[in-house]
Student: 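One structure follows; several queries about it will come next.
Below, all heavy atoms of this structure are taken into account, side chains as well, without hydrogens, waters or symmetry copies. Values in this document were obtained by computation on a predicted structure and should not be read as measured data.
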Amino acid sequence: MQSAILFNERKEDINKYLDFLLDSINNKTISNEISHIMKANGYLMLYNLIESTFTEIINDIHTALKNERNLNIDKLKPSLAKKACSLTDREYLKSYGKDGYRNINSVIFNSWLNNYEKLVSNEKNPLFSGNIDGKIIREIGDIYGFNHKTLDREDNAMYVILGIKKARNSLAHGKESFLSHGKQKSIDSLKKEKELTINYLEELLNEIAKYIKNKLYLKTQSR
């Protein structure tokens with residue numbers, strides 16, 4: 001899956017970054033102020049890992065849907081079919097109206113996938129945009145029908161992911177300086193939050209692989 005490839009690349013970036021930061025702190029090769037700024041930047045990297053991985057997860061699911069032969073809206077799980085109908089391109093549907101909607105279920109299905117791809121390419125993700133957290137992951141998981149309740153760490157991971165989102169928004173929107181935010185965090189706490197986030201995403205990617213392999217996006221009777 002492309003989501004797993006991207007995740008591993010971004011994970012490696014973060015690990016190298018924090019290893020460098022930890023060595024720099026231990027060897028006192030950077031000032032305290034620079035270390036605080038770099039710790040704060042670590043939260044932007046963690047948020048980027050979460051959003052980019054989850055974006056690519058949805059793209060992987062949509063790729064599987066596109067590659068499924070003779071698939072249409074009527075064969076999807078009801079919750080996913082309902083969401084798909086709400087995200088169709090009305091102009092796309094109108095262009096097929098001239099042909100009398102020979103297969104309306106297929107037309108709606110293709111309209112949804114094409115419209116989603118167009119919106120994402122224009123950085124207008126209809127599912128989330130710059131505010132992904134545990135609540136959003138749960139909601140989308142329930143709509144698509146994949147398991148987001150990974151092992152016993154979920155509740156703690158969701159709390160950490162929410163904190164990462166808040167930190168990202170505060171820093172990105174200028175509500176807080178990198179220096180002031182970094183002062184509030186120790187390198188050890190940043191490492192623990194990184195490890196928990198990575199573990200959660202790894203488990204989620206495993207669940208997505210099962211979801212796609214077993215075609216859990218389909219109605220039970222359509223599998």
Student: Below 4.5 Å, heavy atoms only, C-beta onward: do Met38 and Tyr17 meet side chain to side chain?
Tutor: yes
Student: Check whether Asp60 reaches the backbone of Met1 with its side chain - one donor and one acceptor, N or O, closer than 3.5 Å.
Tutor: no
Student: Within the structure provided, determine whether Leu201 and Ile198 are in side-chain contact (heavy-atom separation under 4.5 Å).
Tutor: no
Student: Is a side-chain N or O of Ser121 found less than 3.5 angstrom from the main chain of Lys118, in a donor-acceptor match?
Tutor: yes
Student: Between Pro78 and Lys219, what is the shortest heavy-atom contact and its length?
Tutor: CD-CG, 4.4 Å
Student: Going by heavy atoms in the side chains, are Leu171 and Tyr47 under 4.5 Å from each other?
Tutor: no
Student: Does any part of the side chain of Leu204, heavy atoms only, come nearer than 4.5 Å to the side chain of Phe7, both counted from C-beta?
Tutor: no
Student: Count the heavy atoms of every other residue, nucleotide or ligand shown that sit under 6.0 Å from CD of Gln184, and state whether that count exceeds 12.
Tutor: yes
Student: Would the distance check show the side chain of Asn214 and the main-chain N or O of Leu216 forming a donor-acceptor pair, the cut-off being under 3.5 Å?
Tutor: no
Student: Salt bridge (Lys or Arg N to Asp or Glu O under 4.0 Å): which pairs involve residues 171-186, sequence neighbours left out?
Tutor: Lys185-Glu193
Student: Using a 3.5 Å distance criterion without hydrogens, assess whether the side chain of Ser111 forms a donor-acceptor pair with backbone atoms of Val107.
Tutor: no
Student: Return yes if some donor-acceptor pair links the side-chain N/O of Lys75 with the main-chain N/O of Asn70 below 3.5 Å, else return no.
Tutor: yes
Student: Taking the inter-plane angle between the rings of Tyr43 and His181 on a 0 to 90° scale, is it parallel (under 30°), tilted (30 to 60°) or perpendicular (over 60°)?
Tutor: perpendicular
Student: For Ser170 and Lys166, indicate whether the former's side chain and the latter's backbone hold a donor-acceptor pair under 3.5 Å.
Tutor: no
Student: Within a strict 4.5 Å, meaning less than it, do heavy atoms of the Leu21 and Ile30 side chains meet?
Tutor: yes
Student: For the pair Lys66 and Glu117, find out whether any cationic side-chain nitrogen is under 4.0 Å from an anionic carboxylate oxygen.
Tutor: yes
Student: Quick one: which of Thr197, Asn48, Leu46 gives a side chain to side chain contact (heavy atoms under 4.5 Å, CB included) with Ile14?
Tutor: Leu46
Student: Short question: side chain of Tyr200, backbone of Ile161 - any donor-acceptor pair under 3.5 Å?
Tutor: no
Student: Any luck finding a side-chain donor-acceptor pair between Arg10 and Ser52 under 3.5 Å?
Tutor: yes
Student: With a 4.0 Å cut-off, would you call Lys11 and Glu202 a salt bridge?
Tutor: yes
Student: Tell me the side-chain hydrogen bond (donor to acceptor under 3.5 Å, both in side chains) pairs involving residues 19-28, sequence neighbours left out?
Tutor: none
Student: Determine, for Glu195 against Lys191, whether the closest basic-nitrogen to carboxylate-oxygen distance falls under 4.0 angstrom.
Tutor: no
